[in-house]
There are 4 protein chains.
Amino acid sequence: MQNKEHNDKRERIIKAATQVFAQNGFYNSKISQIAKLAKVADGTIYLYFKNKDDILISLFEDEMNKIIKNVRDEIAQESGFENKLRKFIEKHLNLIGENRQLAEVMQIELRQSHKFMKGYSGTKFSDYLNIISTIIIQGQKEGKVRQDIVPGVAKRILFGALDEISSYWVLSKNKKYSLQLSGKIIGDIFIDGVLNPDKNLVSAG
Amino acid sequence: MQNKEHNDKRERIIKAATQVFAQNGFYNSKISQIAKLAKVADGTIYLYFKNKDDILISLFEDEMNKIIKNVRDEIAQESGFENKLRKFIEKHLNLIGENRQLAEVMQIELRQSHKFMKGYSGTKFSDYLNIISTIIIQGQKEGKVRQDIVPGVAKRILFGALDEISSYWVLSKNKKYSLQLSGKIIGDIFIDGVLNPDKNLVSAG
Amino acid sequence: MQNKEHNDKRERIIKAATQVFAQNGFYNSKISQIAKLAKVADGTIYLYFKNKDDILISLFEDEMNKIIKNVRDEIAQESGFENKLRKFIEKHLNLIGENRQLAEVMQIELRQSHKFMKGYSGTKFSDYLNIISTIIIQGQKEGKVRQDIVPGVAKRILFGALDEISSYWVLSKNKKYSLQLSGKIIGDIFIDGVLNPDKNLVSAG
Amino acid sequence: MQNKEHNDKRERIIKAATQVFAQNGFYNSKISQIAKLAKVADGTIYLYFKNKDDILISLFEDEMNKIIKNVRDEIAQESGFENKLRKFIEKHLNLIGENRQLAEVMQIELRQSHKFMKGYSGTKFSDYLNIISTIIIQGQKEGKVRQDIVPGVAKRILFGALDEISSYWVLSKNKKYSLQLSGKIIGDIFIDGVLNPDKNLVSAG
DNA sequence: GATGAATGAGATTTCATTCAT
DNA sequence: TATGAATGAAATCTCATTCAT
């Protein structure tokens with residue numbers, strides 16, 4: 001019970017922080033705003049988090065854990081390199097589309113801030129990227145993906161593309177292109193781009 | 001003479017700000033640090049810039065102007081969609097490699113901050129991205145690039161990939177992959193990914 | 001208890017501000033001085049007041065409320081136009097004499113500042129002046145005061161006279177004339193000056 | 001020629017300062033504003049005045065010299081205590097009416113500031129007030145004014161009344177009462193108020 | 001004399017964090 | 001645990017004044 005109450009408050013703070021950070025940016029957000037929105041006292045926040053930075057990091061890690069688990073589960077249900085990759089793209093963009101505020105914080109704030117947060121390793125983010133490289137490696141084993149594609153580079157290329165599309169979508173007022181259309185194009189370009197030309201011929205023949 | 005001195009000071013401040021912002025991030029940078037590094041009095045900065053935000057924006061616009069001009073000139077000397085695109089990628093990554101501090105500020109700080117700078121339109125950034133879409137459109141006219149590739153989406157996909165690779169390179173201590181290698185892979189994936197399959201077959205045949 | 005502490009601090013700040021403003025003038029007074037004298041932290045002041053201007057206005061309104069109530073009560077106990085007016089004069093000068101610092105602030109600082117305090121209506125001051133006009137109107141009803149005396153003008157004439165005498169007394173080092181003597185002369189001049197000549201004749205006859 | 005130019009600049013600065021001080025108050029006025037309005041460089045002001053305070057004091061003394069001379073001359077042409085006094089009131093209010101900006105500065109700024117200007121004696125102001133006491137003393141010699149009226153007090157009473165009326169007129173948007181009407185009432189009250197009652201009877205008889 | 005760019009001291013205000021209750 | 005009043009360090013920006021030209 002105590003514990004439940006505890007978690008409840010922690011979660012309320014994280015949720016409020018997500019909203020506030022998304023709206024004002026990390027540096028322009030005030031602890032008191034978060035406290036107010038979470039319906040706790042300012043001081044209470046310091047019972048759950050070491051300091052302001054810690055809220056951002058915790059928020060990120062909490063959400064990343066959920067996301068990584070979720071994405072991994074879904075991808076496990078797909079078979080074949082291409083299907084898995086398209087599923088990853090779909091899931092990523094869905095997450096952005098469904099939780100815009102979280103997306104903003106993760107995209108904008110964390111990128112800016114993590115350089116300055118001592119002791120933060122960014123492992124979770126690495127874990128997320130490695131979902132992509134694992135798929136690519138599998139593709140190479142399947143003989144689908146060219147051997148000269150370095151998975152450690154390719155994972156960043158795909159993530160960067162997704163991230164930029166997401167940023168634009170999050171920040172722009174008039175959403176010119178849907179996330180779905182963008183996702184399709186990303187998938188087309190990336191998959192065609194990494195495919196083994198031999199297989200390509202075969203599949204085209 | 002007066003004018004030269006004037007420009008000199010303005011430039012010194014921009015240069016110092018680049019260094020300081022890169023090192024500490026915009027919000028953790030102090031005007032006094034910049035002034036000290038630029039060897040001017042704190043107050044002098046306000047003769048050249050409206051406020052702290054204005055330094056960041058000016059820095060960005062100044063550099064963007066130079067970069068855009070430079071990149072456009074170089075691309076103009078190349079012929080054909082593929083050459084132009086590879087040149088763009090090469091130039092972008094060279095800029096990152098040659099001026100790491102500037103790159104850090106442009107990549108990290110501006111992305112975070114521009115949301116909060118009222119009245120800043122970000123035209124320069126748009127201009128830069130449009131160099132890419134112009135090349136893609138040319139590729140479509142040449143019959144090289146598939147018609148279902150939306151240039152407005154593709155430009156962000158390529159930029160996102162370059163940007164992420166650059167961010168990683170800028171932030172990581174041990175630079176595992178060279179920018180050159182990464183650039184080659186980006187080019188390979190992106191170009192193969194957008195090529196018209198018919199041409200592809202022909203070129204493969 | 002909480003509340004008492006609260007009021008205590010607010011009052012301590014007001015009191016300290018009165019002293020500091022009186023000594024240095026509003027613009028030459030520093031928040032830190034006031035805080036130090038009030039034995040609170042600089043930031044604490046901003047829990048009770050919006051800004052520096054607000055301290056001055058609050059100080060004025062707080063004191064005016066007390067003064068107006070006090071003066072009105074005392075005047076209510078007097079009967080007849082002349083007695084009431086002499087009592088007003090006596091009370092006004094007593095207030096100056098008893099609380100020189102408050103007087104200085106109210107006389108000098110507020111007069112200078114209120115032009116620049118947007119949104120400050122100065123109602124309290126008006127209320128105070130209207131105590132005088134009320135007495136004059138009563139005098140006119142009693143047939144004592146000439147009908148051609150415009151109460152709205154006369155109230156300022158009397159207040160101006162009192163104010164100048166007070167300013168002089170507050171600012172001059174060697175107080176040549178006592179407030180009492182000055183008060184008597186003001187009363188003599190003003191009352192004789194507004195009396196109905198007919199009554200005057202009668203009373204002289 | 002040099003000298004004429006010199007005076008011209010000095011005067012332009014004084015004139016500009018009057019305008020700027022009147023509009024913004026002394027402490028909210030910037031040297032650069034005054035310089036701009038006077039069409040001189042900021043630094044030029046320091047060739048004519050020691051510092052910002054000195055501008056205010058000089059402005060005051062310059063104008064006071066003119067005013068005192070002017071008022072004295074006009075009064076000298078009147079005969080008898082009552083005429084002289086009414087002329088003084090008329091002149092004072094005319095000055096306010098004719099040069100509102102100067103009036104504002106003299107009334108509001110100087111009053112506030114002179115406490116804080118080291119070494120400023122305020123002699124000119126004293127000279128001005130003594131015009132009044134001289135008239136009153138003459139009135140006492142003529143047997144018109146009661147002996148128990150202390151001229152040093154009475155001069156402040158009259159000045160205070162005039163000053164308050166003027167302040168109100170200068171600051172209020174809708175000028176409810178004309179300066180002329182107010183002047184008549186001040187004269188009526190003050191003169192009747194100081195007159196010897198014996199003379200009063202005689203003059204009434 | 002005249003200029004105006006440069007100076008740099010200094011004050012208000014904010015806000016993360018603490019701690020007595 | 002929870003509170004929220006109090007703290008006080010710290011930073012942006014202003015502007016009177018100076019001084020090299």
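Note on naming: letters A, B, ... go to the chains in the order of the sequence lines (proteins, then strands), and numbering restarts at 1 for each one.
If you measure from atom CD1 of D:I34 to atom C1' of F:dC15, you get 12 Å, rounded to the nearest angstrom. The CD1 atom of B:I45 sits 12 Å away from the C1' atom of E:dG8 (whole-angstrom rounding). What separates NZ of C:K9 from P of F:dG4 is a distance of 16 Å, to the nearest Å. Spacing between atom NZ of C:K39 and atom P of F:dG8 amounts to 14 Å, rounded to whole angstrom units. Atom C1' of nucleotide E:dA5 and atom NZ of D:K36 are separated by 16 Å, given to the nearest angstrom.
Residue C:K30 qualifies as enclosed at atom NZ: its count of foreign heavy atoms under 6.0 Å is above 12.
Side-chain N/O atoms of C:Y48 include none lying less than 4.0 angstrom from OP1 or OP2 on F:dA5.
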What nitrogen or oxygen pairs link the protein and nucleotides 13-17 of chain E at under 3.5 Å?
{"unit_1": "E:dT13", "atom_1": "OP2", "unit_2": "C:Y46", "atom_2": "OH", "d": "2.8"}
{"unit_1": "E:dT13", "atom_1": "OP2", "unit_2": "C:K52", "atom_2": "N", "d": "3.3"}
{"unit_1": "E:dC15", "atom_1": "OP1", "unit_2": "A:K30", "atom_2": "NZ", "d": "2.6"}
{"unit_1": "E:dA16", "atom_1": "OP1", "unit_2": "A:S29", "atom_2": "O", "d": "3.3"}
{"unit_1": "E:dA16", "atom_1": "OP2", "unit_2": "A:I31", "atom_2": "N", "d": "2.9"}
{"unit_1": "E:dT17", "atom_1": "OP2", "unit_2": "A:Y46", "atom_2": "OH", "d": "2.8"}
{"unit_1": "E:dT17", "atom_1": "OP2", "unit_2": "A:K52", "atom_2": "N", "d": "3.1"}

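In the set F:dT3, E:dT3, F:dT7, the nucleotide with an atom closest to the side chain of A:L47 is F:dT3.
Panel note: side chain D:K124, backbone D:D62; no donor-acceptor pair is recorded below 3.5 Å. Side-chain atoms of C:K39 never come within 3.5 Å of backbone atoms of C:R12 as a donor-acceptor pair (strictly under, hydrogens ignored).
Residues D:N28 and C:Y27 have side chains that bring a donor and an acceptor to within less than 3.5 angstrom of each other.
Of the candidates B:T44, B:I14, B:I45, B:T44 is the only one forming a side chain to side chain contact (heavy atoms under 4.5 Å, CB included) with B:K9.
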